[in-house]
Structures are given as C-alpha cells and as structure tokens.
Asks: 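Let me begin by handing over the structure; questions about it come next.
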Protein chains: 2
Amino acid sequence: MFIYQNIAKQLKMNIDENLYKNGFLPSETDLANHFKINRNTLRKALNELVKAGLIEKKQGKATLIIDKNNTYLLSGCSHYTKNFKKSGIYPRTKVLFCKKISPSLNVSSYFEQNYKYLIHIKTLRIIHNEPRSLIDHYLPFTDRYEEIKHFKTGSLHYFLQNHLGIKLTRKKTTISALMPSAIDKQHLNLKSNIPVTLVKTENKINNEEGFLGEISFSRTRSDLVQITVEH
Amino acid sequence: MFIYQNIAKQLKMNIDENLYKNGFLPSETDLANHFKINRNTLRKALNELVKAGLIEKKQGKATLIIDKNNTYLLSGCSHYTKNFKKSGIYPRTKVLFCKKISPSLNVSSYFEQNYKYLIHIKTLRIIHNEPRSLIDHYLPFTDRYEEIKHFKTGSLHYFLQNHLGIKLTRKKTTISALMPSAIDKQHLNLKSNIPVTLVKTENKINNEEGFLGEISFSRTRSDLVQITVEH
DNA sequence: GAGTGGTCTAGACCACCAT
DNA sequence: TGGTGGTCTAGACCACTCC
C-alpha cells in the first residue's frame, strides 16, 4: 500500500463522512501539511479521487467535492428533469440549435415512415454551471416547426405536451459507452480521457399505437452522472 | 503548450513513423536525457500516451508500443445483443475464482448488515470464444460457501435457485461507463482505449422483504455489447 | 545484480481566479 | 494582490523482471 493510496482512502472516508462541509477540499498545501507528506504525493492521491469521480479540480479556485446524488433514474415514465428535482438539484437546459434537417440514414432508419425532413434539436443539460449531457433530439413534427422553435429551456417533453398537446412516452432505451468526439468534449468540458455514457431513447406518441414521436441520443459524462434503472 | 504535451506529441510522431523498431520505447531515463528534460516530466508525457492507448507500461521491463489494428467501431456492432438473443446463442460463463473475503468499504456499504465476510465470485462471460463481460458478485451466504464453491458454469442466479433454494430478483441497476483497469483489459482482451460499460445490480432475496442477497459489478466491452432497457 | 518502471521528496515558478 | 491548482526539476529509494 503506497502513501498516495492510503491518503486517497482517508480522503474518501472524510468525504463520505461529510467532513468538508462547504463542498470543497482544503487547499493542496494545507492537506499536504496535515498529512505530513509532500504536495506532489498528495496531488497523486487527489488524482485518484478525480479518476473515481469523487472530486473535481478547479484551477485557481479549489477542489470541488462531487455531489453523488447526481443519478439519473430510468423507469417507464420518468423524465430526466423530474428525477433531479426529486433530489433537489435543478438542471438547466440550454438549446444549442433547433433546425429542420434531412435526416441521415442512421437517424431515419428508426422511423417507420420515410420522412424527408426532421426537426433536430441539440441541447445541453447543465447542473451547477457544469455541462452534464449533450443531447440530440429528432422529431417528425416538421409542420409545427414554428412552434417548436420557441422551445428554449426546461424539459422538451413537457414543452411538447403543454404547447403542442403531444404526449411522448418512452418505448425503448439503449445504453452503451464511448469516447467523446472533439465536439462532445468541447461542449461537455471534458479534458482527459473520460468516456461518455451513450443513451438512445425511442419515444412513442401516447395516443397513436406505436407511432414514433422522437428519438434522442444523449452523451453523458460518466464521471458525474449515473443512470439508474428501477425494476 | 506545456513541455509534457510537446514531448507527448513528439513521441506520438516517432511512434507513428515507426522509429522504435523493436516495439518498445527506450527507457525513461534515456528518453529524458534525449529530450533534455526531467524524468518526472517525461513520465507525465508517457502517461498521456498511456491514456490515449498508444503505449502500455510493463514494470521492471519496458514500455510497450500498442498495435493500433484494433479500432473502435460502435455502429458496426450496434445490434449485437438483439441478434444473439434472437438467434438463441447464449454466453458461456467461466468462474475465475470463488472465495471468502473481508469486504472493502465500497462493497460492504451496500449491505445493511455489517458482514465480516462475504463470498466473492469473479466470472467472465464469453461469446464465440471472445470475452464480453467481467463480473464481480458479492454474496452474504458465507455459511453455504462449501455449496456455492461448486458453481462452475451457467447462470449464478439459476444455480442459487436450484441448488440452494435462494431466489434472487433484481432490485436496482445502475449504469455508468469507465476506462478499464489493467486487469479488466487483460481479461476482456482489450488493447486500445475502449471504455467499458459498468453495470451495478442489487438483487434482493425474494421471500425476505428488502433483504439484499447479492450485488454485482460487471464491466462489459462497450464496443461489442449494448444494454437495452424495454419500458 | 543490472536495468526497468513506480514512488516520494523538497523546492521553484507559472497560470488562473477572486477581490 | 494573495491564494489556488498546474508544471517542472533534481535527486533518492523501492519493486519488479530477467539473466
């Protein structure tokens, strides 16, 4: 057992015991002095916790303790936003763009009809001023584009239900993982080689039998957000 | 641009140009001298290449250059799970070990009781002679260790039900992603920087209300297997 | 035992963030 | 401007692998 592993373990225990009340660790110099080890060794211990997703470093500021309540519940009728609200965390949704597109083969193959155009909305989910997920939504309601265009924040499903009277429910969810693309990295503010969890959802329109109303592809920082399935 | 980034770039170019013919890098000391930098800085540069999956370090031996023939293709295999279920092909399970252990803090925290010992079973799921998932199971039934020890293949849940009369049902599943550890890489036959999908399941004993009978952590090759949730 | 990568220290300077 | 994390150096010792 090396010193840095030992220190990492102790720090983890301290974090679990909620010893650092303000949500930040003491400075590296202070921690190194406290444990009577060199700052380089302490930094190595901290990097272990960064890898484990327990803390995040903010250059020039401090080391942030990650709130582990950030789990994403996946059950039949749950919405992302709702789940976070339960745990008292409010995500912000930023619409990066909303436009009509000719769907790629990959996207159009999910829809049974052969749509010439789809609406493509790209959103970013942000918690505590930090981007968590990057989501591509594809919708077939091109005739209502002018209305959908006004979606700016909050839950897309909620907006569709309240402003367009379209109720979507989850049909299938497929989960995988991959390394983020350069664009993903940029938007998600990822620097090192952290993989993203890829969640693909197919949503059907409630009234119409099996009629696909939306598909979405989300890339989520796997170090900050967990996905939970309740059985 | 920091020194270590610069050096990493140069090393990457050297590797791409096939400068190191024998498949190994020169020693860290030699490289540091060559670039006229400190060995610690050189090590930081090398670690960047390790993260990028270009090299692999072998303690006591040398630094190995990874053969890049294994490229990461997600789309090509995207229907794998569905296909093998449809075609009735079932995975083979290999038990790597089964032993009594003192649980780590991380594992024991899931159980409500404070078990001094747990049974730890490590299995590998193999399809078509290719390892797909590496799974760690933790069970509290230490008093029946002698029986459980005889689990050699097939489904653990099936074995527990038929030989011990213990029926487990899924309580919660948590999905995330991470980079595989060296041991994961070895067992899953992973060479380059492909992430693994991490699935944590909590299983309760059917008859006893909320009594946790097993937790398992599986790491699955995200390039070969997708997880599908039907709603 | 020689050579390799892994850890650790002590100390310096720089880049970033807040005030 | 002071404090934080990020980089870098020089040098030491340890753990592992192979001959």
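Letters A, B, ... are given to chains in the order of the sequence lines, protein chains preceding strands, and every chain is numbered from 1. Predicted model, so just to flag it, every value in this text is computed and none were measured. Just so it is clear, the values below take in all heavy atoms, side chains as well, and ignore hydrogens, waters and symmetry mates.
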Asks: What's the CG-P distance between A:N47 and C:dT7, to the nearest Å?
Replies: 12 Å
Asks: Just the rounded figure in Å: distance from C1' of D:dT4 to CD1 of A:I55.
Replies: 14 Å
Asks: Rounded to the nearest 0.5 Å, how far apart are CG of A:L134 and CG of A:L96?
Replies: 6.5 Å
Asks: Quickly work out the A:K36 NZ to C:dT9 C1' distance and round it to whole Å.
Replies: 16 Å
Asks: Taking the inter-plane angle between the rings of B:F159 and B:F151 on a 0 to 90° scale, is it parallel (under 30°), tilted (30 to 60°) or perpendicular (over 60°)?
Replies: tilted
Asks: Sort and list the pairs that fulfil salt bridge (charged side-chain N to carboxylate O under 4.0 Å, His left out) and have at least one residue in residues 36-47 of chain A, not counting sequence neighbours.
Replies: A:E28-A:R39, A:E28-A:R43
Asks: So, does A:S216 use its side chain to make a donor-acceptor pair with the main chain of A:H137 at under 3.5 Å?
Replies: no
Asks: A quick test of your reading: do over 12 heavy atoms of other residues, nucleotides or ligands sit less than 6.0 Å from NZ of A:K9?
Replies: no
Asks: Between B:L64 (CG) and C:dG5 (P), how many Å, whole number?
Replies: 12 Å
Asks: Given the rule in the salt bridge (Lys or Arg N to Asp or Glu O under 4.0 Å) test, do A:E56 and A:K58 qualify, once you have shown the distances and angles that lead to the verdict?
Replies: CA-CA 7 Å; A:E56 207 167 299; A:K58 304 283 183 186; 3.7 Å; yes
Asks: One character per nucleotide, please: for nucleotides 10-19 of chain C, 5' to 3', B when the base has a protein heavy atom closer than 4.0 Å, S when only the sugar-phosphate does, - otherwise.
Replies: BBB--BBSS-
Asks: Tell me: CD1 of A:I7 to P of C:dT7, nearest whole Å?
Replies: 15 Å
Asks: Taking CD from A:E56 and P from D:dG5, how many angstroms apart are they, rounded to a whole number?
Replies: 14 Å
Asks: Given atom NZ of B:K58 and atom C1' of C:dG3, what is their separation to the nearest angstrom?
Replies: 18 Å
Asks: If you compare every side-chain N and O of B:Y4 against the phosphate oxygens of D:dT7 (OP1, OP2), does one of them come in below 4.0 Å?
Replies: yes
Asks: Are the side chain of B:Y4 and the backbone of B:N40 linked by a donor-acceptor contact shorter than 3.5 Å?
Replies: no
Asks: For C:dG6, does either OP1 or OP2 sit under 4.0 Å from a side-chain N or O belonging to B:K57?
Replies: yes
Asks: Which residues, if any, of residues 25-34 of chain B bring a heavy atom under 4.0 Å of DNA chain D?
Replies: none
Asks: Let me know the distance between CZ of B:R43 and P of D:dT9, rounded to the nearest Å.
Replies: 14 Å
Asks: Just wondering, do B:S155 and B:T93 contact through their side chains at under 4.5 Å, heavy atoms?
Replies: no
Asks: Quick one, A:E48 and A:L11 - any side-chain contact, counting heavy atoms below 4.5 Å?
Replies: no
Asks: Would you say D:dT4 has OP1 or OP2 under 4.0 Å from some side-chain N or O of A:T63?
Replies: no
Asks: Are B:K44 and D:dC8 close enough that a side-chain N or O sits under 4.0 Å from OP1 or OP2?
Replies: no
